[in-house]
Amino acid sequence: MTREGYMQEAISLALKGSFNVHPNPKVGCILVKNNEIIGKGYHKEYGGHHAEVNAFKYCIKKYGKAKATQLLFGSTAYVTLEPCSIFSKTPPCTSSLIKYGIKNVFCASLDPNKKINGNGVKILKENGINVEVGLLEKQAISINHDFFFRHREGRPFIRMKIAQSLDAKIALSNGESKWITSKKSRDDVQQIRLACDAILVGSGTILKDNPRLDVRKNIRNLNERQPKKIVLGSSFLKRQNDIKILKGTAEVIVFSKEFSSYAKEGNLIQIPIKKSTALQDTLKELGKHELNSILVEGGSKIFTSFIQEDLVDELILYISPKILGKESIDSISIEPPIILSGAKKFKIYDSMLVGDDIKIIMRKKNKYK
């Protein structure tokens with residue numbers, strides 16, 4: 001197998017950690033000696049062993065400690081991300097690579113985390129290990145797109161999902177919206193929720209729909225975590241009926257200008273913000289909570305605010321072949337541009353049929369080539 005083949009195998013392994021390692025990146029590792037794979041592993045869950053350590057464990061289990069120690073000495077490691085060099089939930093992976101006498105390390109990409117970026121490679125080289133960075137770099141970065149985005153941009157990657165009619169309406173004038181799109185579209189949204197770290201809505205949506213904002217059990221595996229829930233505004237906390245988003249173990253973060261101090265109660269966190277810079281402050285604060293990606297789900301005022309302030313990195317539209325009419329509620333109602341060239345712009349990335357609906361994925365033109 002070629003070097004590219006081994007790294008591709010490591011990338012495929014890394015993907016097995018999808019949905020369970022947030023906010024950490026997905027990482028895979030292949031260990032090779034004399035053109036034979038002697039170990040392989042991936043980061044399985046947040047707080048658990050990293051890919052390199054799991055690869056060593058695989059080798060020891062397969063060959064026994066004595067033979068594995070001999071095989072590992074002088075072997076080559078193919079890792080999809082720079083080995084960590086800091087103590088966190090687990091010891092640094094650089095120490096394990098040095099301990100077992102690894103001779104060569106092919107690293108697809110440096111870690112964008114400033115605490116690690118380049119330090120892992122430096123430590124390995126200082127200990128006599130040959131290190132090459134860049135093998136299948138684009139492919140390796142693509143599986144951790146949101147992780148790289150947060151560390152490079154200082155805020156989470158923002159996805160916005162809108163389920164609307166053919167005439168761009170999200171509800172009738174009386175607020176009725178169940179269901180504009182098909183069941184297949186609603187099931188598809190569950191997969192998007194599962195891939196994001198948090199779901200964001202306005203307090204008006206909570207008051208109107210009282211949603212759970214979670215991933216249904218028939219969609220996720222029991223070991224997969226639920227996304228956090230973010231609400232802009234606190235008026236929903238005054239309602240007398242049970243508030244569904246407060247059920248369960250997922251953390252609920254509420255931003256409101258009405259709070260004068262930071263308060264925490266059970267799984268509810270309340271954070272004060274200034275109205276004039278609400279969205280910018282919110283995203284900056286959420287970056288501190290290690291959220292790589294956020295799915296914005298409504299309602300109309302929230303959609304409009306995010307689009308107006310150019311804070312949407314990916315827009316996902318589910319368009320139903322229904323027409324709701326001019327008195328119904330618009331999905332977005334932003335201020336019009338003075339001239340056509342000033343219009344908000346997205347690039348269509350993909351489109352497909354989902355049930356009876358059309359799904360269109362659009363991204364910022366300046367973020368993707």
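Values below: every heavy atom of this structure, side chains too, minus hydrogens, waters and symmetry copies. Quick caveat: nothing in here was measured; it's all calculated off a predicted structure.
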S203 vs S235, side-chain hydrogen bond (donor to acceptor under 3.5 Å, both in side chains): CA-CA, chis, key distance, verdict: CA-CA 6 Å; S203 59; S235 59; 3.2 Å; yes
Pair N130-N104, side-chain hydrogen bond (donor to acceptor under 3.5 Å, both in side chains): steps then yes or no: CA-CA 5 Å; N130 301 316; N104 306 293; 3.0 Å; yes
Derivation and outcome, side chain to side chain contact (heavy atoms under 4.5 Å, CB included), residues E285 and F255: CA-CA 10 Å; E285 180 66 29; F255 288 89; 3.8 Å; yes
Check against side chain to side chain contact (heavy atoms under 4.5 Å, CB included), L72 and C59: CA-CA 8 Å; L72 289 171; C59 182; 3.9 Å; yes
Full working for ring-ring contact (aromatic ring centres under 6.0 Å, His included) between F56 and Y100: CA-CA 9 Å; F56 293 136; Y100 286 107; 4.5 Å; yes
Stepwise side chain to side chain contact (heavy atoms under 4.5 Å, CB included) test for I271 and H289: CA-CA 12 Å; I271 303 176; H289 285 254; 3.9 Å; yes
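Under the rule for a side chain to side chain contact (heavy atoms under 4.5 Å, CB included), the partners of L15 that lie at least two apart in sequence or sit in another chain are S18, K26, I143. Applying the side chain to side chain contact (heavy atoms under 4.5 Å, CB included) rule to I162 yields the partners M160, Q164, I170, F303, L315, L317, S331, I332; only residues at least two apart in sequence or on another chain are considered.
Listed for the K244 side chain is no donor-acceptor partner under 3.5 Å among the backbone atoms of D209. Side chain of S256 to main chain of P272: no donor-acceptor pair is present (N/O by atom type, distance under 3.5 Å, no hydrogens or angles). Using a distance-only test at 3.5 Å, with no hydrogens or angles considered, a donor-acceptor pair links the side chain of S305 to the main chain of K301. Between the side chain of E251 and the main chain of I269, no donor-acceptor pair closer than 3.5 Å is present. A donor-acceptor pair under 3.5 Å links the side-chain atoms of E82 to the main chain of D111, judged by distance alone.
Comment: D197 does not engage K228 in a salt bridge, judged by the lack of any side-chain N to carboxylate O separation of less than 4.0 angstrom. The pair R193-E297 counts as a salt bridge, with a side-chain nitrogen and a carboxylate oxygen less than 4.0 angstrom apart. We find that R150 and D146 are not joined by a salt bridge, their nearest charged nitrogen and carboxylate oxygen being 4.0 Å or further apart. Comment: R216 engages D187 in a salt bridge, judged by a side-chain N to carboxylate O separation of less than 4.0 angstrom. No salt bridge links D356 with K322; every basic N to acidic carboxylate O contact stays at or beyond 4.0 Å. Between R363 and D313, no side-chain nitrogen of the basic residue sits less than 4.0 Å from a carboxylate oxygen of the acidic one, so the salt-bridge criterion is not met. Using a 4.0 Å cut-off between charged nitrogen and carboxylate oxygen, K169 and D167 do not count as a salt-bridge pair.
By the 6.0 Å contact criterion, NZ on K161 is enclosed, its count of non-hydrogen atoms from other residues, nucleotides or ligands being greater than 12. Heavy-atom neighbours of E335 CD from other residues, nucleotides or ligands within 6.0 Å: at or below the threshold of 12. Open room surrounds NE2 on H49; 12 or fewer heavy atoms of other groups in view lie less than 6.0 Å from it. Heavy-atom contacts from other residues, nucleotides or ligands closer than 6.0 Å to NZ of K33 number more than 12.
Placement of L340 and I334 in two distinct hydrophobic clusters is found when ILVMFWY residues are connected by side-chain heavy-atom separations under 4.5 Å, directly or transitively.
By the 4.5 Å heavy-atom criterion applied to side chains, E52 and S96 are not counted as neighbours. Using a 4.5 Å cut-off on side-chain heavy atoms (C-beta onward), W179 and S320 make no contact. By the 4.5 Å heavy-atom criterion applied to side chains, I98 and I123 are counted as neighbours. Here the side chains of F157 and I294 are not in contact, with every heavy-atom distance at 4.5 Å or above. The closest side-chain heavy-atom distance from K359 to L353 is not below 4.5 Å. The side-chain heavy atoms of F149 and N292, taken from C-beta on, include no pair separated by under 4.5 Å. Looking at heavy atoms from C-beta onward, I11 lies in side-chain contact with L136 at the 4.5 angstrom threshold. I348 places none of its side-chain heavy atoms less than 4.5 Å from the side chain of I361.
Neither side chain, D357 nor T181, offers a donor N or O lying under 3.5 Å from an acceptor on the other.
Evaluated for a side chain to side chain contact (heavy atoms under 4.5 Å, CB included) with K40, the options L31, N54, L13 yield exactly one hit, L13.
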